[in-house]
Amino acid sequence: MEMLFFVGVNINNPPMKNLSAFPLILLGLLLSSLAFAQKTNFTVSDAINVKSIGNTALSDDGKLLAGVISDGRARFDVDHFRFQDPSYLNVLPGEFVILDTQNGEMLYPYKEQSRVTSFSWSPNSKELAFLEQKGDKLHLMLYDTNRKRIKEIKISGNPLLANSDLTWTSDGKSILLHARNHDWLDRAMAIYNEATKGPVVVYDGNKPFLKWDEIRNTNALTKVLKVNLTNGQSQEMLPEANYGGVYLSDDNQFLIFNETFPLKTSYVRNEGTEYQVSYKELSNPDSTHILYKRNKQRRNYNWSDSKAKFAWVDSGYVYVQALGQLDSLNLTKGKAFTDEKKKKEVKFSITSWSPSENKLLLSSDKGYWLVNAQGDQLEMVYEFPEDKEKAPSLNLEHWSKDENYLYFSYSEKDRWRRGFVRFDLTDRTMEDLIIDDRLYTGLQKAKHEDVVVLNLSDGDMPADLVVSDWSFAEMKPLTHLNPWLADKKMTKSELITYRNVDGKELKGILYYPVDYEEGKKYPLVCEVYETFLANGYNRNMNLFANQGYFALRPSVDLEMGYPGEAWVKGITAAINKLVDEGKVDNDKVGVQGGSYGGYATSLLITQTDRFAAAINISGKVNIISFLGDSPKIGTRNYTAAEYGQDRIGSTLWDAPLKYLATTAVLHADRIKTPHMIMTGEGDWNVPGTNSRELYYAMRRLGKDVVWVNYLNGGHGAGVASNERDFHDHWMRVFEFYEKHFNKKEKEEKDGESS
């Protein structure tokens, strides 16, 4: 709202000389009131129109940033039925933009929306390479910043490119990229068509892979080409394989590559696959040196920036080695403490190489440690607080070129205090650079200059890009993507604290109705999942706030082996707090969730009749039959139940009662809450057939239930479909809550009229 301020004027008894200003004062106040009154509700159409910038890449000199600006329409009309189809390509559309970080100018290389991805700046920051989808193929494109022109690099042999990172050679003359063998598509489609078209599909348990694992393994196969950007000539650097990462050393001497070798479909974590790390000398492409021989145990190497050195952790010890040398050095064994017991207790992980590549920053459960690459002078430089659960989270973002300072992003765990801090390695002190209640995300730093670009939000509005240096003394805006939201009614968020039934303190994010009046009770919709702390712009919460509802994202304390109890213990406690404070009408409380949150919603209403209405969006309702659902993603459903997100902690055959207890459809007879189930026919993650089971069960039992299935939808039902279904989805959600929130009043009114 724009405010007009007048100094030195008493409106009630103005001096004679100011009488002429009095009408202006009234006009100003009137205009101010009108400006406030002109704010309109945030609608479903508005939710689609909110823009964001993604897929960003900052040039090494920090002067230019490439990205794609898109709104909600970018994710419409995805063909969910073709998930895992080798021939299906879907780079999301948007406005390709290049921002000048010095003056904020925005250049649009294309006049219309395009499908571009995999941005990569040349070493001199003068050219931008990227992949563009044209039809059903990817093309290598090059943007010249001086000429402001785009050209396609016509690659010899016209290879089928894969969506992957682009790596420049240090001289800026060539690019490494992933492509397919000439017969790959035919091989991949033959396997895919067998599974989808038949006419007979055979699933043989004696074969090493599930059929869809075989499809996924084939889809992952690529070869690595080196493409000359002048003439398009390509050279095969690596043959067809499953590569987990390909790196080029700064001196262009070595090509490093990780290979994955699937052996069989496994239901146990870290089994069924072997891993290998190798490198080859570019001067002798036929020579391959194995750094880590094929092994079922994955080894994660932490490479220095130049790729000349690498470090890894084995049994809690840190080892370092130079590329091209055979000997490694243990940097930490027996050096952390003099006490023998403490020596055995400390286990290290690697945080970062220093810019000079002569030091490493390590971490343990005790704190941060500094060690040089020769294994001397291992010492703790920063000790973590004893109470780690309450200590702020620190994440290393930057190591100064002079190696005197470490820059961390900072976030407290019990309130919205976020920002950046700097640690002085000389005097061992931590300094606040900028800490407030705003939200800082997506930080990118220039390789050669003191330039930082990040997303900044007040915590409620959509984020915009800002540019700064590492002092964060001044953050200059780069984008203003949604100025029209200033005329919309937007929610305000608040972090609340409550205790669950077990007495454990939990957090939740409360979103206020847009026209909130203190002392008035409002309906409430809870959106459930797992744990919530950080706020930020939220489409769903704004739509509910504009319906005149409170909205709440409550956290729960999920425990391995007993997941079904957490939601009823935590969510009801959060609601009680808001009801006791006089904010929420106890008879008008709804609950919903998507995916895992949808599963939680259906399970929750089998345990309590606290809610006036409940909506499950793309969430399973039968965890037993779900084990065999979602074939396109392999064994995920088994692993999720046994040791993953579902947290049952055992197999179906070891603990059948736990599976029964967490299957909502088996307890449908207990449900008293009106329930809407929303699914997408093309959902390859949680097939609608699973959610449908609860609809049939509740209908058989005479319960209040409705099932809405979007035939063009995916995971997310109508919001993961097309624009028409997006509107339909939200219309049904609003109508469902309004119907059941106002059911008592309607019955009383109908009774009076009769």
Side-chain angles (χ1 to χ4, degrees), residues 62 302 304-306 309 311 313 316-318 320 329 331-339 342-343 345-438 440 443-454 467-475:
N302 190 302
S304 63
D305 285 343
S306 70
K309 299 176 183 178
V313 176
Y317 300 121
V318 177
V320 66
L329 180 65
L331 300 183
T332 58
K333 187 173 183 179
K335 299 174 183 178
F337 297 104
T338 56
D339 181 270
K342 287 185 176 180
K343 283 182 184 180
E345 287 179 352
V346 65
K347 304 291 183 184
F348 290 100
S349 61
I350 302 166
T351 301
S352 174
W353 282 89
S354 70
S356 70
E357 304 185 359
N358 290 324
K359 302 175 185 176
L360 291 100
L361 184 69
L362 313 177
S363 64
S364 72
D365 63 344
K366 302 294 183 183
Y368 287 115
W369 304 68
L370 199 62
V371 65
N372 65 20
Q374 292 74 45
D376 303 328
Q377 305 166 351
L378 175 67
E379 58 178 332
M380 187 189 298
V381 294
Y382 179 79
E383 186 174 1
F384 293 149
E386 286 188 15
D387 191 346
K388 295 181 180 62
E389 288 190 6
K390 292 187 177 180
S393 297
L394 296 173
N395 185 56
L396 182 68
E397 302 288 355
H398 179 62
W399 198 328
S400 65
K401 292 179 182 178
D402 60 14
E403 302 193 355
N404 290 328
Y405 299 99
L406 299 172
Y407 293 82
F408 295 91
S409 55
Y410 171 99
S411 178
E412 296 186 15
K413 297 174 182 175
D414 57 354
R415 56 178 178 163
W416 289 333
R417 293 273 296 163
R418 301 166 288 213
F420 299 92
V421 296
R422 183 177 74 174
F423 183 71
D424 190 321
L425 284 167
T426 303
D427 60 21
R428 311 290 168 83
T429 57
M430 191 75 80
E431 173 191 1
D432 294 349
L433 296 176
I434 182 168
I435 296 179
D436 50 38
D437 61 357
R438 293 181 292 180
Y440 305 86
L443 182 145
Q444 292 189 66
K445 59 181 180 179
K447 185 175 181 179
H448 300 311
E449 299 295 333
D450 188 16
V451 177
V452 179
V453 174
L454 66 152
V467 62
S468 178
D469 58 25
W470 285 105
S471 72
F472 296 100
E474 180 185 2
M475 290 188 290

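Since the structure is predicted, the reported quantities are computational estimates derived from the model, not experimental observations.
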* Asked: Are any of the side-chain heavy atoms of Phe423 and Val381 separated by less than 4.5 Å?
  -> yes
* Side chain of Lys335, backbone of Gly375: donor and acceptor closer than 3.5 Å? -> yes
* Are any non-hydrogen side-chain atoms of Trp369 and Ser364 less than 4.5 angstrom apart? -> yes
* Heavy atoms of other groups near Lys388 NZ, more than 12 under 6.0 Å -> yes
* Structure fact -> When every non-hydrogen atom of Leu425 is compared with those of Leu370, the smallest separation belongs to CD2-CD2, 4.5 Å
* **Atom pair CG/OG of Asp402 and Ser356 - distance to nearest 0.5 Å** => 10.5 Å
* Taking the side chain as C-beta and beyond, is there a heavy-atom pair between Glu397 and Asn395 under 4.5 Å? -> yes
* Below 4.5 Å, heavy atoms only, C-beta onward: do Leu394 and Tyr368 meet side chain to side chain? -> yes
* **Any donor-acceptor N/O pair, Ser354 side chain to Leu360 backbone, under 3.5 Å** => no
* Asked: Within a strict 4.5 Å, meaning less than it, do heavy atoms of the Ser400 and Trp470 side chains meet?
  -> no
* To do: Return the minimal non-hydrogen interatomic distance between His448 and Lys401, and the atom names on each side.
  => O-NZ, 2.6 Å
* Asked: Hey, are the side chains of His398 and Phe408 touching, using non-hydrogen atoms and a 4.5 Å cut-off?
  -> no
* Indicate the ring-plane relationship of Tyr407 and Tyr405, choosing parallel, tilted or perpendicular according to the 30° and 60° boundaries. => tilted
* Looking at side-chain heavy atoms only, is the closest gap between Asp432 and Val421 below 4.5 Å? -> yes
* Asked: More than 12 non-hydrogen atoms from neighbouring residues, nucleotides or ligands closer than 6.0 Å to CD on Glu431, yes or no?
  -> yes
* Asked: How about Lys333: does its NZ atom have over 12 heavy atoms from other parts shown lying under 6.0 Å from it?
  -> no
* Under the side chain to side chain donor-acceptor pair (under 3.5 Å) test, residues paired with Ser363 that sit two or more places apart -> Ser349
* Taking only residues two or more places apart in sequence, or in another chain, which ones meet Asp469 in a side chain to side chain donor-acceptor pair (under 3.5 Å)? -> Ser471
* Asked: Would you find a donor on one side and an acceptor on the other, under 3.5 Å apart, between the side chain of Lys309 and the backbone of Asn358?
  -> no
* Asked: So, does Lys347 use its side chain to make a donor-acceptor pair with the main chain of Asp365 at under 3.5 Å?
  -> no
* **Heavy-atom donor-acceptor pair, Thr332 side chain to Val318 backbone, under 3.5 Å** => yes
* **Glu357 side chain near Asp305 side chain, heavy-atom distance below 4.5 Å** => yes
* Asked: Passes side-chain contact (heavy atoms from CB on, under 4.5 Å), Trp353 versus Val320? Steps please.
  -> CA-CA 11 Å; Trp353 282 89; Val320 66; 3.3 Å; yes
* Count the heavy atoms of every other residue, nucleotide or ligand shown that sit under 6.0 Å from CD of Glu383, and state whether that count exceeds 12. => no
